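This report concerns only the one structure given below.
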Amino acid sequence: MTTPSTLPSQADVLHAIAALFDAQPSAAALGHYPTLRIQTDNLHEALRTAIGSVDMIVDDWADELAIDDRVKPDFRLGSSILSSYRTIAPALVRNVHRTADFLIEETRTMPAVDTARAGETTPSFSDFVRLGAAVRGFLDAAVQTAYQLATFDGLQLNYKFLQSLLSFATVAPASLHSNIVSPEMQAALNAYVALAGKDKKNSGFTKAAHDQFPQRLMVGAQAAALPDWRRHNLELLFSFCSDFVHSGYVSVLAIGGEAPGFILGGPGDAFTPRAENFAELKQRLLAECAGVYADLLVPLLRQAIDRMLVAGTPIALAERLNTASGRIGNVRAVLHRRLVEPVRRGLLGSNKAVDIRCMCGGGVQLEPPHHEWDRFCPDCGSRFSLYEVDDAVDYVVSATGVGDVLGGDAPKITELDQAMRDKLTRIAAKHAPVDEKGEVSFLLLTDLERCDETTLKVPSQVTSGPSGDDRIRCSLMAFVAAKSIERCPIVLITCNCGAAADYWTATKTNVVQCPRCKTNIGLLGVSGDGEGVSMLNPDGSPGTAPIQARNRFSVLGKATD
C-alpha cells in the first residue's frame, strides 16, 4: 500500500488493475428496492408531465414569435442574424423532448414479481449501456439547447449542426436524407467540406466555441445560477455515462461479469442484487436528468422568451413554467428521505399494527412483526426510522416541528383545542432542539396541559378527586395517575386488603368500592411523572404513598400498576 505522501509507480498501478481483473465477481445490494421503484416512478411521472406542459408552452411561444409586432427588433428583422431563431429556438427545445423519449423508455421500472420470476429482473450488460446512452444523449441535448438559449451563438450552432450533418449525410442511406437535405443546406455543407481542417472551427459562418460539454455547461449554469457543486456533479455524470456508451474499462469491469444471482426481497416482490443495483442507478441518473430539465433548461427557456418577445414572458406562461419545474423539485426533494417517527416503547414487537402517516399525506399500516424493510411510504418512497420513547411521552418537538407519538393515547395534535395548539407552538419556538451530526433530536413532552412553558416541568399536584357526599362516604384514599383517569375506560385500584377493584372512569365520581371488604375508596388524580407521593405515616415518620394505575398500555382499555 502507498501512503498519501508517495506516488505509486507504474508497476503499482498495473498490479492493482490486474488484481481487479483477476478477482471473482461479487454481488452487493445496498439500497431498498421497493422505494427505489416508487421514487423512480414518481420522477418519471414528474418529468413526463413537465415535458408535456413545456411542449404546450413552446407551441404558444412559437405562435407569439410568428407575429412580427410581438418580437423584439433583434429577432424580428429579416436582415438580423438572429431572426432565424424565431424558428430554431422552439425547435431546439422540442429536440430535447425527443431525446427525452429515449430516456423515459430506458428508465422505466421493473414491475414487482414473485420469487419464481426473480431472474427476470436481472439486467444485461446491454441494459446498462442503453441506460448510459439515453442519459448521455439527453444531457448533451439539454445542455446544448440551454447554451443556445443563453447565448444565441449562431456560429457555434452552425458548426455543431454541420459537423453532425457531415457524418450523417455520408453514412446514412439515401432514404433518410429527405429530412436533412435542401439546396440551401447542401450549399452550406459543400462550403463547409471545402474548408481546411482548422478553418472548419473558425470561419465566416462557423466557430467551435465552447466545443466541450463542460464548457457549454459552464455557460448555461452561470446564466441559470446553477450551483458549482451541481455543475461539477453533472460533468462527472456525463463522463460516467460516456464510459458506459464506450464500454470503458471500468464500466465493463463493474458490471460485465456474471455475479452471484441469489434472490432478495420476498413473495410478491423478489429481485436479484444486480436488479437492485440497476434500479438504484436508474433512480440516480433520472433524478439528475430531471434536475437538469427543471433547474437549467426551464429557467433559460424563460430567459429566452423574455429576450425574444417585446412584452417578455406572459404571466400565464411563467406560472406554467414554474409549476413544471416545481413539480420535479418536489419529487427530487423526497429522494432518499428518512423520516424519524417517535413510537411508544413496547409497541414494536407487540401484536398490534403500527399506523404511520407520512408528510406527503400517504401512509402505511405496519403489521407485526414490524420489519424494518416494510417501513416506507407507498406514495413517496420515504423510509421511516422508528424512535422509541417512554409511554409517558405525549408529544415531541424537533427542529422541523411538533409531532404525535405513534401508539400513544394523547389527543392528536390536529384534535387539540386552539389554546393547546398555541401553547405547543410557543414551546416549539422556544425549545426546539438542534440536530447534531445528522441525528434528529427530540424534546419530549409528557403533559402539555400542565407543563410550565419555560421549565417544561410538570408539577405534582392533585387534579381530581371525589366531591361532596362522595368524598364523605370514602374511608380510604388512593393516589392515581391523572392521565389514567382522563384517558382509560377502566382504572385498576388495589385496596389495603389486597383485593383489586375496577373503577369505570365514565362515572366521574372518583370513587370505587372494594369487592372484598366493601371499603369505599376515593381516588385522587395526581399529575407529574412520579411513582409516589410523599406523606407522613400514622406514627409521624416520613413515608410514601404509591401512585397507582400508571401503566396505561399493558392491558387494552385498562390502566394497571
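These numbers were taken from a predicted model, which means no experiment stands behind them.
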Centre-to-centre under 6.0 Å for His97 and Phe138, is that the case here?
no
For a ring pair (Phe, Tyr, Trp, His ring centres under 6.0 Å) check, start with the C-alpha distance between Phe278 and Phe128, then their side-chain angles and the critical distance, and finish with the verdict.
CA-CA 7 Å; Phe278 194 47; Phe128 280 92; 4.6 Å; yes
Residues forming a salt bridge (charged side-chain N to carboxylate O under 4.0 Å, His left out) with Asp390, sequence neighbours excluded
Arg345
Restricting to pairs with a member in residues 484-500, which pass salt bridge (Lys or Arg N to Asp or Glu O under 4.0 Å), not counting sequence neighbours?
Asp394-Arg487, Asp409-Arg487, Arg450-Glu486
Non-hydrogen side-chain atoms of Val402 and Ile413 separated by less than 4.5 Å
yes
Does the gap between the ring centers of Phe442 and Tyr387 come in under 6.0 Å?
yes
Mark yes when over 12 heavy atoms from residues, nucleotides or ligands other than Leu236 sit less than 6.0 Å from its CG; otherwise mark no.
yes
Which pairs count as salt bridge (Lys or Arg N to Asp or Glu O under 4.0 Å) when at least one residue sits in residues 314-328, sequence neighbours excluded?
Asp60-Arg320
By the salt bridge (Lys or Arg N to Asp or Glu O under 4.0 Å) test, which pairs, at least two apart or in different chains, include something from residues 501-516?
Asp502-Lys558
Just grab all the salt bridge (Lys or Arg N to Asp or Glu O under 4.0 Å) pairs involving residues 375-389, residues at least two apart or on different chains.
Glu372-Arg383
Does Arg357 have more than 12 heavy atoms from other residues, nucleotides or ligands lying within 6.0 Å of its CZ?
yes
Between Ile51 and Val96, is a side chain to side chain contact (heavy atoms under 4.5 Å, CB included) present by the stated rule, with each step listed?
CA-CA 9 Å; Ile51 287 173; Val96 176; over 6 Å; no
More than 12 heavy atoms of other residues, nucleotides or ligands under 6.0 Å from CZ of Arg426: is that the case?
yes
With Asp452, which residues qualify under side chain to side chain contact (heavy atoms under 4.5 Å, CB included), at least two apart?
Thr454, Thr455
